Amino acid sequence: MKKEYKIGLLGFGSMGKTHAYSVSVLPYYHPEMDFNVKIEGVCTRSQEKSEAVCEKYGFSRAVTDESVLINSPDIDIIDICTPNCCHADTLRAAIKAGKAIYCEKPICTTYSDAIEIANLAKSAGISASMVFNNRHYPIVMRAKEIIDSGAIGKPVSFHTSFLHASCTDPEKPAGWKQDRDICGGGVLFDLGSHVIDMLTYLCGEVADVYGRSQILYPIRRGRDGNTWHTNADEAFYMICTMTSGAVGTIDISKLTVGTNDDFTFELYGTDGAIKFNMMDPEWLYYYDARIPEGKHGGDRGWKAIECIGRYPAPGGTFPNGRSPVGWLRGHIESMYNFLYRLDRGMEQSPSLYDGAYVQKILDAAYKSDDTGMKITL
Ligand SMILES: NC(=O)c1ccc[n+]([C@@H]2O[C@H](COP(=O)([O-])OP(=O)(O)OC[C@H]3O[C@@H](n4cnc5c(N)ncnc54)[C@H](O)[C@@H]3O)[C@@H](O)[C@H]2O)c1
């Protein structure tokens with residue numbers, strides 16, 4: 001008899017739906033899976049919504065009090081898809097109840113809470129993972145392989161950006177991600193947490209940070225339709241030095257017209273370079289500077305590596321390695337990675353410590369913005 005993991009899903013906005021979808025399609029992508037998983041119950045802020053979600057998607061328990069799911073003996077996993085300000089209390093309660101945890105980014109809103117929670121989970125022996133879904137694209141997996149093999153030499157510089165256009169319209173009311181009291185920060189927390197995780201995943205630890213925030217529209221309408229004074233950055237710009245000595249820039253913005261979900265990453269080393277763009281996730285670009293130049297250029301040049309849907313077999317065989325991947329595919333693989341590690345009793349990666357480390361850099365970036373100083377970590 002296969003083990004069945006039951007999930008208590010907290011929040012059913014865009015990410016709650018994404019996680020529930022990922023769970024529902026896992027057996028198609030991973031037919032080799034020797035465990036089952038289902039969403040058992042869902043918690044939203046309205047009983048009516050929770051019930052409607054349960055009816056539509058076939059979940060059993062509809063609640064508005066998350067402690068009901070957290071303290072249910074038959075729930076194995078707490079999946080946190082609520083706004084950032086809610087994460088810390090939920091994480092503490094789920095750890096106390098002994099549940100496995102799958103937590104959306106950022107881990108919470110301050111480094112002091114984040115490291116305390118990561119330590120709590122460790123001493124309680126909890127299997128807990130962050131959702132840093134961008135790690136789960138073949139282009140990123142391949143980029144990490146290339147960097148770790150030493151093929152680009154010593155890292156020299158990087159340029160990464162995550163650009164949205166969602167704050168470019170001053171008539172658009174602010175949502176909770178533009179409210180520091182709920183999001184914990186602004187665009188730095190929302191998009192920047194992804195970027196910092198990618199940077200540290202691929203390039204190691206940060207030595208120092210210099211950060212600058214930007215608010216273009218200080219007054220908008222709020223969620224209640226009344227005048228609202230913007231209290232969170234709409235864009236954030238950083239210069240970071242890594243402990244390897246590499247230096248680079250990070251642009252995070254929701255003020256960039258003409259963008260959608262444009263996450264780009266470039267890393268230049270002494271012997272080569274890599275670059276990728278999440279809007280074009282089929283191709284990883286690699287430059288090998290050790291190839292000699294010829295009279296007419298020789299064989300030197302950027303190589304487009306066809307990563308496409310090349311997930312490790314046997315899981316990577318559906319639909320096939322030739323079909324384009326997309327944002328949802330990264331989330332499906334992220335969910336599978338968490339469940340597989342949980343089932344096999346393996347250490348989770350990305351862990352809550354990875355989440356806490358990202359939080360440390362985010363806190364340092366805000367401190368730099370507040371003081372005008374470079375912050376050494
Ligand atoms: N990894 C990713 O790709 C990704 C993308 C977007 C958001 N996120 C993260 O996922 C989490 C949820 O974001 P989302 O985009 O699904 O949000 P959302 O607004 O779409 O959904 C939030 C859900 O939480 C519930 N909720 C509970 N308490 C709430 C409160 N005080 N205020 C508002 N809603 C409350 C709402 O009922 C709703 O079901 C956040 O931590 C966010 O940073 C991750």
Side-chain angles (χ1 to χ4, degrees), residues 8-22 39 41-54 56-57 59 62-70 78-91 93 101-109 113-114 129-137 140 162 164 166 173-198 201 222-224 232 252 254 260-263 278-279 281 326-335 337-338 350 352 354-355 358-359 362:
L9 180 58
L10 311 185
F12 203 80
S14 63
M15 296 323 296
K17 194 182 275 187
T18 300
H19 290 199
Y21 171 80
S22 300
I39 306 286
V42 70
C43 176
T44 75
R45 284 182 301 172
S46 110
Q47 186 62 26
E48 204 183 347
K49 178 170 176 187
S50 294
E51 280 171 14
V53 166
C54 283
K56 189 177 268 295
Y57 299 105
F59 313 146
V63 302
T64 53
D65 176 359
E66 64 181 36
S67 68
V68 173
L69 297 177
I70 293 172
I78 291 299
D79 183 346
I80 303 173
C81 292
T82 49
N84 310 344
C85 67
C86 308
H87 293 189
D89 287 348
T90 305
L91 281 160
I101 299 167
Y102 190 58
C103 180
E104 265 300 348
K105 48 53 61 176
I107 179 169
C108 53
T109 57
D113 275 349
S129 180
M130 290 301 304
V131 183
F132 286 126
N133 48 297
N134 294 301
R135 292 188 186 195
H136 300 281
Y137 282 84
V140 176
F162 201 163
H164 279 195
S166 48
W176 70 255
K177 287 172 189 165
Q178 282 80 53
D179 186 344
R180 202 172 182 132
D181 295 339
I182 302 179
C183 188
V187 66
L188 178 65
F189 268 33
D190 191 33
L191 302 182
S193 49
H194 282 300
V195 178
I196 300 296
D197 179 64
M198 184 64 73
Y201 183 56
R223 290 188 294 287
D224 57 6
I252 306 150
K254 292 189 177 178
N260 285 285
D261 199 28
D262 296 33
F263 186 178
M278 293 297 196
M279 292 297 282
W327 183 83
L328 279 171
R329 184 69 182 91
H331 269 286
I332 294 164
E333 206 57 23
S334 172
M335 177 65 80
N337 171 66
F338 161 67
L352 293 190
D354 293 331
V358 167
Q359 198 78 46
L362 300 179

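Hydrogens, waters and symmetry mates are skipped; everything else that's a heavy atom, side chains included, is used. On a predicted model such as this, the values are computed, not experimentally measured, just so you know. Read the numbers this way: they start at 1 and go in the same order the structure lists the ligands and their atoms.
Close approach to S14 involves these atoms of ligand 1, each under 4.0 Å from a residue heavy atom: 14 (P), 15 (O), 16 (O), 20 (O). Numbered from 1 in the order shown, with element, the atoms of ligand 1 that lie under 4.0 Å from a heavy atom of G11 read 23 (C), 24 (O), 39 (O). Ligand 1 places these atoms under 4.0 Å from at least one heavy atom of W327: 3 (O). Each of the atoms 16 (O), 18 (P), 20 (O), 21 (O), 23 (C), 38 (C), 39 (O) of ligand 1 lies under 4.0 Å from some heavy atom of G13. When each atom of ligand 1 is checked for a heavy atom of N133 under 4.0 Å away, the hits are 1 (N), 2 (C), 3 (O). Within ligand 1, counting atoms from 1 as listed, the ones closer than 4.0 Å to a heavy atom of N84 are 40 (C), 41 (O), 42 (C), 43 (O).
No donor-acceptor pair under 3.5 Å is formed between the side chain of H136 and the backbone N or O of H331. Looking only at distances, no side-chain donor or acceptor of E333 sits under 3.5 Å from a matching main-chain atom of G330.
Summarising the contacts of atom 15 (O) of ligand 1 with K105, M15, K177, the nearest heavy atom is found in K177. Summarising the contacts of atom 11 (C) of ligand 1 with L9, V131, T82, I107, the nearest heavy atom is found in T82.
Between T44 and ligand 1, no N or O atom pair is found at a separation short of 3.5 Å.
Between H194 and F263, the ring centre distance reaches or exceeds 6.0 Å.
Residue contacts with ligand 1, taken as heavy atom pairs separated by less than 4.0 Å, do not involve F132 at all.
At least one heavy atom of H331 lies less than 4.0 angstrom from ligand 1.
Using the six-membered ring where Trp is involved, F162 and H164 have ring planes that are perpendicular, over 60° apart on the 30 and 60° scheme.
Partners of Y201 by side-chain contact (heavy atoms from CB on, under 4.5 Å), not counting sequence neighbours, listed by chain and number: R135, V140, K144. Residues meeting the side chain to side chain donor-acceptor pair (under 3.5 Å) test with D190, sequence neighbours left out: K105, K254.
Residues V42 and S50 approach most closely at CG1-O, 3.8 Å, considering heavy atoms. Scanning both residues, S129 and P350, for their nearest heavy atoms gives OG-O, 3.0 Å.
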